[in-house]
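Everything numeric in this text was worked out from a predicted model, so none of it was measured.
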Amino acid sequence: MKLVNPTQYRFEHLATQLKWRLQEGRGEAVYQIGVEDNGLLVGLTEADMKASLKTLKRMAEKVGADITLLREREVDYDSDRNNRKIAEVLVRKVPDDQQFLDLRVAVLGNVDSGKSTLLGVLTQGELDNGRGRARLNLFRHLHEIQTGRTSSISFEILGFNSKGEVVNYSESRTAEEICESSSKMITFIDLAGHHKYLKTTIFGLTSYCPDFAMLVVSANTGIAGTTREHLGLAMALKVPIFIVVSKVDLCSRGTVERTVRQLERVLKQPGCNKVPLEVSSPDDAVTAAQQFTQSACITPIFTLSSVSGESLDLLKVFLNILPPLSNSKEQEELMQQLTEFQVDEIYSVPDVGTVVGGTLYSGVCREGERLVVGPTDEGRFLRLKVGSIQRNRSACRVLRAGQAATLALGNFDRSLLRKGMVMVSPKMNPTICCQFEAAIVLLFHAKTFRRGSQVTVHVGNVEAGRRPYGGVPSREGECVCQDTSCVQVREPWFASASSNTPSTCDWAPCQLLFREGVTKGIGHVARLLPPSQNHDQNQNQSQNHDQNLQQH
């Protein structure tokens, strides 16, 4: 309600409570001043509000944090003639021991919608010239620079300090300096928009476990190309999504409004069941950030320009306040488990040796730790030792569950590694699953799905391409759109002994996604088959598959 002239005992109690709130919010907390415990908006006079904010600032300084006034508004209470206000204040802890809050945002959208340009403007701090200059620093290959189309996955960082100010490359900072100055880090995962690179886009969504997805739509073209496809992928994988309508400087206000109405109609369809929330002011941005994580139905919509900078600050306000999906208790529970690191990228670095990049899904990984990596083609796990660790291009001694990093493995033979492997603690006693049953649903297509159909399956960071399906689908061997069936998939998976399920992201346990041309479906792993059953059925299915090939 108010924090006016508290006693020393009361002040110590409030500071302790603030410290606990910050720990619970992983370094962030939002205080509402002028609100009673039952939620009644009473408000405070100007003198009481000023005294309360001063007390809150003293509390924050005591626990090593800073405060930022998000918004104030007047309220009517009992027809009081004095103006009464309520305030929302963001309290953020100054980073220590490199444990800044890190959120991952996957960037989706059709080709030429302005995804890479928007990220270049946000992370470089300079507006685009209208010809794509801002995106040049994000491209990893020469053909991307020549065509202007992203074909690989790139990562860009945007920091916010304890006062809520943007920290990026605008002052010629290195990535290490950005990490040191930031209390909160947004890691953007720039994905490909062209349908030709759909496999890469799906890999980015399933492997890197983004906390949120940002769908970029061009204002002058509207919903076109892969826009619906990317929206469906994010919803199938249960990734919270918000929408950015870009290039508003190229078209009239009526065209922008027509694109927004088109998006609202799609979001309100029975398959989506979303509630669009158009953001047009800083107050809307604060409301959108708070409601976005509280309700899975809310979908904020921003309209901005990377050339003129129109409404770009609203997106920054939204990202600054956006809270994490998991709290500190869930984080601690993951850290108590055995180490499991998913391998997504493999590099050879001069004077360093073999380096792997990926995400730590459980446990804690330290420099010098001994792990096992696999499975190999023979189904074995090999021993290795972790050298140095880098997180967001800066050195890090300890890696905690949910964090992405690169690990140096020294002179370990790179040819023994491949994407989709896992590095786990030897205590886990890792086992191999060659076959499992999955319950699936076909989406967005009227085509039937028959026994022996060949598709590409994505589970976590594993992609099984063109492997035969078997099992007993419903409706006399056919599976039609929106029909649930039980199928069997042949593919070597790593299975955690404790969970008896293929190891996948903690936010989407045992979810799988498959595609066959334009046909797509989702599902989940129902159960693993015993090794003996795996072996027998693998032989039978191989014989049947060979007979089918001979007949064709």
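Taking 4.5 Å as the limit, every side-chain heavy atom of T299 sits out of range of all side-chain heavy atoms of V275. A heavy-atom distance below 4.5 Å is not found between the side chains of T16 and K19. Proximity of M185 to I178: side-chain heavy atoms (C-beta onward) are separated by under 4.5 Å at one or more points. Side-chain atoms of C272 and M235, non-hydrogen and from C-beta on, do get closer than 4.5 Å to each other. The closest side-chain heavy-atom distance from F203 to I153 is below 4.5 Å.
Not a single donor-acceptor pair under 3.5 Å links the side chain of K184 to the backbone N or O of G164. Side-chain N or O atoms of S181 include one that pairs as donor or acceptor with a backbone N or O of E177 at under 3.5 Å. Under a 3.5 Å cut-off, the side chain of K427 and the backbone N or O of T339 do not form any donor-acceptor pair. Counting only distance, with no hydrogens or angles, the side chain of S281 and the backbone of D284 share a donor-acceptor pair below 3.5 Å. The backbone N or O of A134 sits less than 3.5 Å from a side-chain atom of D128, completing a donor-acceptor pair. Without hydrogens or angle criteria, S182 side chain to C179 main chain gives no donor-acceptor distance under 3.5 Å. Using modelled atom types, no side-chain atom of K85 and backbone atom of I33 make a donor-acceptor pair closer than 3.5 Å. Formation of a donor-acceptor pair under 3.5 Å by the H230 side chain with backbone atoms of L108 is not found in this model. For N168 (side chain) and L122 (main-chain N/O), a donor-acceptor pair under 3.5 Å exists by modelled atom type. A donor-acceptor pair under 3.5 Å is absent between the side-chain atoms of T359 and the main chain of Q403, judged by distance alone.
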Practice item. For side chain to side chain contact (heavy atoms under 4.5 Å, CB included), just list the numbers for Y361 and C209, CA-CA rounded to whole Å, side-chain angles, deciding distance to a tenth of an Å, and then say yes or no. Key: CA-CA 9 Å; Y361 289 122; C209 293; 3.4 Å; yes

Side chain to side chain contact (heavy atoms under 4.5 Å, CB included) between D344 and Y208, worked out: CA-CA 8 Å; D344 299 327; Y208 293 107; 3.5 Å; yes

From CA spacing to verdict: side chain to side chain contact (heavy atoms under 4.5 Å, CB included), E74, I86: CA-CA 7 Å; E74 294 185 359; I86 60 172; over 6 Å; no

request  = Might you work through the side chain to side chain contact (heavy atoms under 4.5 Å, CB included) test for I189 and V105, ending with a clear yes or no?
outcome  = CA-CA 6 Å; I189 308 171; V105 178; over 6 Å; no

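Nearest heavy-atom pair across L205 and L233 is CD1-CB, 3.9 Å. Minimum interatomic distance between S362 and L338 (heavy atoms only, all atoms of both residues): OG-O, 2.8 Å. When all heavy atoms of G222 and V217 are compared, the pair lying nearest together is O-CG1, 3.5 Å. For A213 against A234, the heavy-atom pair with the smallest separation is CB-CB, 4.4 Å. Between G309 and L127, the shortest heavy-atom distance links the atoms CA-CD2, 3.7 Å. The two residues L322 and L103 make their nearest non-hydrogen contact at O-CD1, 3.4 Å.
The aromatic rings of F292 and F318 sit tilted, their planes meeting at an angle between 30° and 60°.
Ion pairing between E278 and R261 holds under the 4.0 Å rule for side-chain N and carboxylate O. The pair E369-R366 does not count as a salt bridge, with every side-chain nitrogen at least 4.0 angstrom from each carboxylate oxygen.
Checked by atom type, the side-chain pair T287/R71 shows a donor-acceptor distance below 3.5 Å. In summary, the side chains of Q8 and E12 do present a donor paired with an acceptor at a separation below 3.5 Å, with no hydrogens or angles considered. T255 and S252 are linked by a side-chain donor-acceptor pair at a separation below 3.5 angstrom, with hydrogens and angles left out of the test. No hydrogens or angles considered: a donor-acceptor pair under 3.5 Å links the side chains of R92 and N320.
I186 contributes atom CD1, which lies 12.5 Å from atom OG1 of T123 (distance to the nearest 0.5 angstrom). Rounding to the nearest 0.5 angstrom, the gap separating the CG atom in L22 from the CG atom in L18 is 4.5 Å. Distance check: L101 CG to F160 CZ gives 11.5 Å after rounding to the nearest 0.5 Å. With values rounded to the nearest 0.5 angstrom, F188 atom CZ is found 11.5 Å from F212 atom CZ. The CG atom of L315 sits 6.5 Å away from atom CE of M214, with the distance rounded to the nearest 0.5 Å. We find the CE-CG distance between M1 and L40 to be 8.5 Å, quoted to the nearest 0.5 Å.
Residue pairs meeting the ring pair (Phe, Tyr, Trp, His ring centres under 6.0 Å) criterion with at least one member in residues 34-64, sequence neighbours excluded, do not occur.
Other residues, nucleotides and ligands contribute over 12 non-hydrogen atoms within 6.0 Å of the CD atom of Q262. For E126, the CD atom sits in a loose shell: 12 or fewer heavy atoms of surrounding residues, nucleotides or ligands are nearer than 6.0 Å. Under a cut-off of 6.0 angstrom, the local environment of CG in N38 is crowded, with over 12 non-hydrogen atoms contributed by other residues, nucleotides or ligands. More than 12 heavy atoms of other residues, nucleotides or ligands lie within 6.0 Å of CG in N273, so this atom counts as buried by the packing criterion. Heavy-atom contacts from other residues, nucleotides or ligands closer than 6.0 Å to NZ of K316 number more than 12.
Every residue was checked against the side chain to side chain donor-acceptor pair (under 3.5 Å) condition with D313, not counting sequence neighbours, and none meets it. Residues that satisfy the side chain to side chain donor-acceptor pair (under 3.5 Å) test with E165, not counting sequence neighbours, are N161. Checked against side chain to side chain donor-acceptor pair (under 3.5 Å), Q390 has no partners two or more places apart in sequence or in another chain. In terms of the salt bridge (charged side-chain N to carboxylate O under 4.0 Å, His left out) criterion, residue partners of D102 (sequence neighbours excluded) are, by chain and number, R391.
With V244 as the partner, the side-chain contact (heavy atoms from CB on, under 4.5 Å) test is satisfied by one option alone out of I301, L118, T303: L118.
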Side-chain donor/acceptor pairs under 3.5 Å, residues 58-69, sequence neighbours excluded:
unit_1 : atom_1 : unit_2 : atom_2 : d
D66    : OD2    : S162   : OG     : 2.4
T68    : OG1    : K163   : O      : 2.8

